[in-house]
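The next block holds one structure in the form of structure tokens; read it before the comments.
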Amino acid sequence: MASIAIIGGGPAGYVAAIIAAQQGHEVTIIDQGPLGGTCLNEGCMPTKALLESAGVYNKLQNASEFGIRLPSGSIEIDWNVVQGRKNKIVSTLVQGIQYLMRKNKVKVVKGSASFLTSRVLRIEHNGKQEEITADKVIIAAGSEPIQLPFAPFDGDWIIHSGQAMSLQSIPSSLLIVGGGVIGCEFASIFSRLGTKVTIVEMADQLLPGEDKDVAEILHKELENDGVTIYPSTRLKDLNKDQKKAFFENDKGLHELESDMVLVSIGRKPRVNSLGLENIGIDFTRQGIVVNEQMQTNMPNIYACGDVIGGIQLAHVAFHEGTVAALNTCGLDAQVNYRAVPRCIYTSPEIASVGLTEKQAIDQYGDIRVGEFPFSANGKALISNEQAGKVKVLVEPEYGEIVGVSIVGPHATELIGQGTVMLHAELTTDTMEQFIAAHPSLSEAIHEAILSAVGHAVHV
């Protein structure tokens with residue numbers, strides 16, 4: 001039975017710990033913070049709790065469209081209750097992971113870990129030090145927000161996403177630097193809670209990693225929620241004393257006063273404090289270098305999750321943590337990134353899997369594209385969420401479905417169908433006679449497939 005030490009208790013780390021323990025090994029997990037990592041404590045889960053509150057508030061404001069009248073001015077936001085609900089959800093989930101550690105007999109050690117040798121870790125906590133020796137080590141140290149070199153986070157005016165989740169009150173105005181996933185999600189939260197939100201994005205569209213037509217739907221809906229968006233715009237300076245931001249685009253130099261500035265320009269792997277250089281592990285600023293088994297250049301050391309760079313998503317970290325643990329235990333497993341869903345919990349939601357349209361054209365040339373708008377879907381009309389569409393990409397030779405994009409109601413749930421299609425390498429002929437429930441939002445996916453093969457029915 002090998003002893004295995006895992007640095008980091010986030011999605012990659014705690015899953016790796018459970019898998020390794022289930023294989024009968026002695027497992028120790030080390031983390032200086034609460035289990036669950038960024039995703040559970042400062043990322044995925046708390047943001048979704050805030051988004052849910054914002055969504056309920058927005059729904060109530062539009063209740064008259066469903067024939068329900070509410071007394072004028074009676075709808076109020078109790079921010080303390082919103083925060084309390086979010087914190088309760090996080091606490092419940094953290095306790096759940098703690099239970100899983102006990103259930104699987106994983107030893108949990110508080111502290112920050114760094115390598116002394118390839119098998120010896122130094123643990124520091126509250127000014128005290130100890131050493132842990134392990135036969136094998138899995139590094140799952142996660143990532144941290146990137147700050148602007150000329151305007152670092154101060155936790156007061158210039159904040160990162162973790163701090164934005166625990167504000168004492170709802171700001172009257174908020175400048176968001178970066179129109180990627182994190183920036184757009186916070187724009188959806190605060191704009192629907194009454195904050196005047198402005199987004200500055202260097203690229204020529206929001207969500208630069210997604211198709212332009214998909215991003216444009218979100219752009220329009222955010223503007224309908226009162227968000228001001230500046231694409232193709234570069235931030236020049238932040239003046240904390242005046243609480244002014246200066247940014248520039250082809251229309252010239254602009255200045256803006258804002259209660260707060262949320263900097264969401266990405267996250268970087270947390271590699272600097274691990275002592276990797278002490279033992280010769282290959283790494284760069286982009287992350288630790290690993291092979292398909294999640295193994296580093298040191299045979300007994302593996303790495304997974306955000307710390308290796310790549311796709312920084314919790315469900316990818318689950319997968320990588322599983323692969324790392326199985327290989328650490330002497331089994332054979334490889335990562336498979338073919339069907340990774342990308343989910344953005346804005347209003348409307350956006351979810352995609354596989355190739356974007358541009359990537360598909362670059363790879364296959366003359367692809368087939370099928371689309372179906374939610375404005376033609378009965379269930380979407382019933383719920384008053386008809387903005388958006390489903391887009392399916394099909395390669396020309398075999399009719400294989402190589403990409404699915406959804407922007408609209410419950411897109412992050414619906415994308416599960418697309419993920420199964422890509423994972424199973426399904427073709428349009430296997431899906432053409434598929435029977436979708438009616439009325440349902442998922443009908444739109446089948447209709448988009450029919451559109452791709454020229455057999456559209458409802459458009």
Side-chain angles (χ1 to χ4, degrees), residues 11 38-39 42-55 58 143 145 160-162 164-165 176-192 197 199-225 227 229 231 262 264-267 306 310-317 337 339-359 374 380 385 387-393 403-419 422 441 444-445:
T38 296
C39 172
E42 296 183 342
C44 322
M45 308 313 291
T47 53
K48 306 314 168 276
L50 295 181
L51 281 159
E52 192 68 22
S53 291
N58 181 258
S143 62
H160 56 66
S161 56
M165 274 175 250
I176 299 177
V177 182
V181 173
I182 296 172
C184 287
E185 287 189 352
F186 275 101
S188 277
I189 292 171
F190 286 108
S191 65
R192 288 183 291 165
V197 176
I199 299 176
V200 171
E201 168 56 46
M202 286 181 60
D204 63 356
Q205 66 171 68
L206 297 177
L207 306 174
E210 299 297 332
D211 282 328
K212 194 172 186 66
D213 59 329
V214 169
E216 283 177 350
I217 295 172
L218 176 63
H219 187 123
K220 180 180 178 181
E221 292 302 311
L222 285 175
E223 286 186 330
N224 289 342
D225 285 337
V227 179
I229 302 168
L262 168 61
S264 56
I265 57 174
R267 299 180 64 86
D306 283 7
I311 307 172
Q312 295 180 330
L313 297 172
H315 43 279
V316 173
Y337 298 121
V340 176
R342 308 182 295 277
C343 297
I344 306 167
Y345 297 80
T346 45
S347 178
E349 290 187 347
I350 295 174
S352 52
V353 64
L355 303 178
T356 64
E357 187 171 347
K358 181 181 183 304
Q359 290 169 337
F374 280 109
E385 297 177 289
K389 64 181 180 180
V390 176
K391 179 167 66 174
V392 174
L393 309 176
V404 178
S405 294
I406 306 173
V407 52
H410 301 286
T412 60
E413 298 293 338
L414 295 175
I415 200 61
Q417 285 192 28
T419 304
L422 266 78
L441 296 171
I445 300 173

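Since we're looking at a predicted model, the values are computed, not measured. Only this structure's heavy atoms are used, side chains among them; waters, hydrogens and symmetry mates stay out. Here, residue 1 is the first one in the sequence, and each next residue gets the next number.
- Scanning both residues, Ile350 and Thr412, for their nearest heavy atoms gives O-CG2, 4.1 Å.
- Expressed to the nearest 0.5 Å, how far CD1 of Ile265 lies from NE2 of His160 amounts to 12.5 Å.
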Quiz item: Should Ser405 and Asp211 be marked as a side chain to side chain contact (heavy atoms under 4.5 Å, CB included) after you check the CA-CA gap, both sets of side-chain angles, and the distance that decides it?
Solution: CA-CA 9 Å; Ser405 294; Asp211 282 328; 4.3 Å; yes
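- Not a single donor-acceptor pair under 3.5 Å links the side chain of Thr356 to the backbone N or O of Glu210.
- Arg342 contributes no side-chain N or O that, together with a main-chain N or O of Leu313, makes up a donor-acceptor pair within less than 3.5 Å.
- Side chains of Lys389 and Ile217 form a contact here, defined as non-hydrogen atoms less than 4.5 Å apart.
- Taking every heavy atom of both residues into account, Pro341 and Val353 meet most closely at N-CG2, 4.0 Å.
- Here the NZ atom belonging to Lys220 is positioned 12.5 Å from the CD1 atom belonging to Ile229, to the nearest 0.5 angstrom.
- In this structure, Glu223 places its CD atom where more than 12 heavy-atom neighbours from other residues, nucleotides or ligands lie under 6.0 Å away.
- Applying the salt bridge (Lys or Arg N to Asp or Glu O under 4.0 Å) test to pairs two or more places apart or on separate chains, those with a residue in residues 349-358 are Glu357-Lys391, Lys358-Asp362.
- With rounding to the nearest 0.5 angstrom, the CZ atom of Arg192 is 5.5 Å from the CG atom of Asn58.
- Residues meeting the salt bridge (Lys or Arg N to Asp or Glu O under 4.0 Å) test with Asp225, sequence neighbours left out: none.
- Atom-to-atom distance recorded for Leu422:CG and Gln417:CD is 12.5 Å, nearest 0.5 angstrom.
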Distance-only check: which donor-acceptor pairs under 3.5 Å involve side-chain atoms of residues 179-190, not counting sequence neighbours?
{"from": "Glu185", "atom 1": "OE1", "to": "Lys48", "atom 2": "NZ", "distance (Å)": "3.3"}
{"from": "Glu185", "atom 1": "OE2", "to": "Tyr345", "atom 2": "N", "distance (Å)": "2.9"}
{"from": "Ser188", "atom 1": "OG", "to": "Ser347", "atom 2": "N", "distance (Å)": "3.0"}

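- In terms of heavy atoms, Val227 sits closest to Ser191 at CG2-CB, 3.5 Å.
- Looking only at side-chain heavy atoms (C-beta outward), Pro231 and Leu206 stay at 4.5 Å or farther from each other.
- The minimum heavy-atom distance between Gly178 and Ser264, with the atom names listed, is O-OG, 3.2 Å.
- Across all their heavy atoms, Leu414 and Pro409 have their closest contact at CD1-O, 3.7 Å.
- Minimum heavy-atom separation, Val392 to Ile445: CG2-O, 4.3 Å.
- Contact annotation: the side chain of Val214 never approaches that of Leu218 to less than 4.5 Å [non-hydrogen atoms, C-beta and beyond].
- Within the model, atoms CG of Leu207 and NZ of Lys212 stand 11.5 Å from one another, a figure rounded to the nearest 0.5 Å.
- In this structure a side-chain-to-backbone donor-acceptor pair under 3.5 Å is present from Arg267 to Ser143.
- Under a cut-off of 6.0 angstrom, the local environment of NE2 in His315 is crowded, with over 12 non-hydrogen atoms contributed by other residues, nucleotides or ligands.
- The shortest side-chain heavy-atom distance between Val407 and Asp213 does not fall under the 4.5 Å cut-off.
- Side-chain contact between Cys343 and Ile415 is present, with at least one heavy-atom pair separated by less than 4.5 Å.
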